[in-house]
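Heads up, the thing below is written out as structure tokens.
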Amino acid sequence: MGEKIMYDTIFARSFSRYDQKKLGYGAFLACFLIALSFSTVFKPYLGPLTVNKRLSINDGLKMVRANDTISSNATFFSNVVISFNATVEMVSDGSSNMSSTSRNDTIGSSTSSSKTLGFNYTNGVIRNDTRLMPVLEINNGSSSQQGQGGVPEKIIEPICNIEGRTEFCEMNGDIRINGKSSTVLQVGMMTENSSWIIGPYARKGDREALSHVTKWRVKTGVKDGDNGVHQCNRYHGVPAVVFSLGGYAGNNFHDYTDIIIPLYLTSRRFNGEVKFLITNKNPWWINKFKTILRNLSHYDPIDIDNEQQVHCFPTVIIGLKRDPKELTIDPSRSPHSMKEFRQFLRTTYSLKKTTAVKLTNNNRKKRPRLLILSRKKTRAFTNTKAIATMARTLGYKVTIAETDSNVAKVAETINACDVMMGVHGAGLTNMVFLPSNAILIQIVPIGGFEWLARTDFEEPSKGMNLRYLEYKIKTEESTLIQQYPPYHEVIRNPGAIAKQGWDAFKAVYLQQQNVKLDIHRFRPILSRAIELLHE
């Protein structure tokens, strides 16, 4: 301390007060110039600081419905890696459009215990719609790895989606599929390991359906040599789509709304150069829809559950895209439409009729063809012949047919008709084969079917360019009055049965009820159909 005081005293005496002030300013300026020089020279070698912000589920739900792309002027995001990684238990606070039945379902389950979501996305692209906000990490591009010759090789991170009725992940790079363990691995250097559990069946939130679907584990950020990372036994040079034939496969309505239309939406962009990897394989189903499968893929389907080899692909989509509504493709949200899908079906089955008959007053020889869909078990017409006789008096040519698993024959029969009528049920799904401007007549039984009639067939028919008519039967036209007294809740208060759950509703109104149409009361509906064919 004494030496320092002596040094300061000598220094002070060596210069005047004015000289000391000048020397201080000069030293400050010199330090500033040196710092500026260091900043200029070493700036290219300095990486951005890492920012790691984790958002809760509710915060994520409230924060973002991002536009398709971040502006190219937002250079701050040029090295952004967006990821989130964990188990999700959906908690809705009113800001989400998820249905209440989905709230306790796991969305992209992970091995992590944190309550953040499990998606990854990279380099400045955030998709729109209902994607939830992930963890945001800003780094110096460490997600690239060295390829041949030391050139950085970019690994495109998976895009996982939760869209109302479905979930699916699209992965690019070195993708390895192990059917024995129901695992899909993306091998490559990434920011962090991530893991999801996904049921590849397009009916998210339906626990009954998903209970029959194999769960697949999707893992990213793994490397060769890691435990559980197997080498490729068979490499494919085309993309793959993994989907399930569990759920409600085998019911004609669900075959189309849960599988066929979603499969079309997911795979059509590949123009046949795609392989279908089927879990929960159903040979009967594959044989029924083999013509559609062959027109969507140039390759035989792979029963991935029973494959002993590890299959590798450049691109894999696990799960199927679908519209939230039944039997629908919304062209405002998709590059495809139901009009395009119906044209695909016409081409697939070589259907000749594109438009329903146009009736005119000058040509009364033209007669519209009416198809009456018959059923053998439940919700069947008990007076089909009387309906047909009345229809012929109005000028219809009448065909009575029951649908079966011969899709080509069913498609040809229905495509030849101008009007199709039937009791609410899966058979009406075959309206997809009707020509444009044709008319669908749905017979609605008693029991509170109005919401099912509307969502399953009325609303979808509009997207198919069909005209829709509806006939609600009276209690006297239902065979339930022969099984229950008039004062019974089944007759008097169907809502009370519905409150007991779907199984109770189904057991009574779907499985015990047939229909005897009041011919005189129903006649104006068929007359109105003829009027529409004049328009």
Side-chain angles (χ1 to χ4, degrees), residues 99-103 165 203 205-209 211 247-248 250-254 256-258 324-328 372-384 386-387 402-403 420-431 440-462 468-526 528:
S99 65
S100 59
T101 58
S102 305
R103 292 182 181 175
R165 305 296 294 277
R203 207 162 188 86
D206 191 323
R207 296 185 179 184
E208 173 62 25
S211 68
Y248 299 128
N251 175 287
N252 198 57
F253 173 77
H254 289 285
Y256 283 92
T257 197
D258 296 346
K325 296 181 179 180
E326 308 288 10
L327 300 174
T328 297
I372 302 175
L373 285 179
S374 63
R375 298 170 60 101
K376 288 182 179 179
K377 297 181 179 179
T378 64
R379 283 162 286 144
F381 291 119
T382 61
N383 59 340
T384 305
I387 298 170
E402 183 177 6
T403 61
M420 182 174 79
M421 62 172 285
V423 181
H424 174 88
L428 292 181
T429 310
N430 292 298
M431 66 183 179
L440 173 68
I441 303 175
Q442 180 174 197
I443 311 301
V444 181
I446 68 169
F449 277 83
E450 287 76 13
W451 65 277
L452 281 173
R454 182 179 66 255
T455 59
D456 290 357
F457 301 113
E458 179 183 358
E459 291 179 355
S461 69
K462 298 173 184 177
Y468 177 84
L469 295 174
E470 186 174 282
Y471 178 81
K472 297 177 183 179
I473 71 171
K474 288 187 174 182
T475 304
E476 293 76 15
E477 296 173 90
S478 171
T479 58
L480 289 176
I481 62 170
Q482 301 169 12
Q483 305 172 53
Y484 298 93
Y487 53 83
H488 196 281
E489 278 190 332
V490 166
I491 304 297
R492 181 177 54 82
N493 187 16
I497 306 299
K499 288 181 180 179
Q500 298 176 25
W502 172 253
D503 289 340
F505 176 87
K506 177 181 177 181
V508 175
Y509 299 108
L510 293 178
Q511 296 178 344
Q512 296 183 27
Q513 181 173 200
N514 290 321
V515 174
K516 183 178 180 180
L517 282 186
D518 182 331
I519 299 300
H520 300 292
R521 183 170 176 265
F522 179 67
R523 183 184 179 96
I525 298 293
L526 288 182
R528 175 57 182 157

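Position 1 is the first residue of the sequence, and the numbers go up from there.
A side-chain donor-acceptor contact under 3.5 Å links N383 to the backbone of L517. Between the side chain of T378 and the main chain of L510, a donor-acceptor pair closer than 3.5 Å is present. Formation of a donor-acceptor pair under 3.5 Å by the Q511 side chain with backbone atoms of V508 is not found in this model. Of the possible donor and acceptor atoms, none in the side chain of Q512 sits under 3.5 Å from a partner among the backbone N and O of L480. Of the possible polar contacts, none joining the N514 side chain to the F381 backbone as a donor-acceptor pair under 3.5 Å is found. Listed for the S211 side chain is a donor-acceptor partner under 3.5 Å among the backbone atoms of E208.
Proximity of M421 to L440: side-chain heavy atoms (C-beta onward) are nowhere separated by under 4.5 Å. Contact annotation: the side chain of F449 never approaches that of V423 to less than 4.5 Å [non-hydrogen atoms, C-beta and beyond]. With a 4.5 Å cut-off on side-chain heavy atoms, L428 and L373 count as touching. Using a 4.5 Å heavy-atom threshold, the side chains of I441 and L526 count as touching. S478 has its side chain within reach of I473: a pair of non-hydrogen atoms, C-beta onward, lies under 4.5 Å apart. Side-chain contact check for H520 versus R523: every heavy-atom pair is 4.5 Å or farther apart.
In this structure, CZ on F253 lies 5.5 Å from CZ on F457, to the nearest 0.5 angstrom. Going from atom CD of E477 over to atom CD1 of I443 covers 9.0 Å, rounded to the nearest 0.5 Å. Remark: E470 CD to R454 CZ distance equals 9.5 Å, nearest 0.5 Å. Annotation: the span from E489 atom CD to I491 atom CD1 amounts to 11.5 Å, rounded to 0.5 Å.
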Going through the checks in order, is the side-chain contact (heavy atoms from CB on, under 4.5 Å) test met by E459 and T328?
-> CA-CA 9 Å; E459 291 179 355; T328 297; over 6 Å; no
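Minimum interatomic distance between P445 and H424 (heavy atoms only, all atoms of both residues): CD-CB, 4.1 Å. Nearest heavy atoms, S461 versus Y468: OG-CB, 3.6 Å. Of all heavy-atom pairs spanning D456 and L327, the tightest one is O-CD1, 3.5 Å. For P494 against G448, the heavy-atom pair with the smallest separation is CB-N, 4.5 Å.
Side chains of N430 and Y256: no donor on one and acceptor on the other come within 3.5 Å. In this structure, a donor-acceptor pair under 3.5 Å is absent between the side chains of Q442 and Y471. Between E402 and S374, the side chains place no donor N or O within less than 3.5 Å of an acceptor N or O (distance only, hydrogens not considered). Judged by distance alone, the side chains of R379 and Y509 never bring a donor and an acceptor atom under 3.5 Å apart.
By the 4.0 Å N-to-carboxylate-O rule, R203 lies close enough to D206 to be salt-bridged with it. Look at E476 and K516 and you find no salt bridge, because none of the NZ, NE, NH1 or NH2 atoms lies under 4.0 Å from a carboxylate O.
Among residues two or more places apart in sequence or in another chain, the side chain to side chain donor-acceptor pair (under 3.5 Å) test is passed with R165 by E326.
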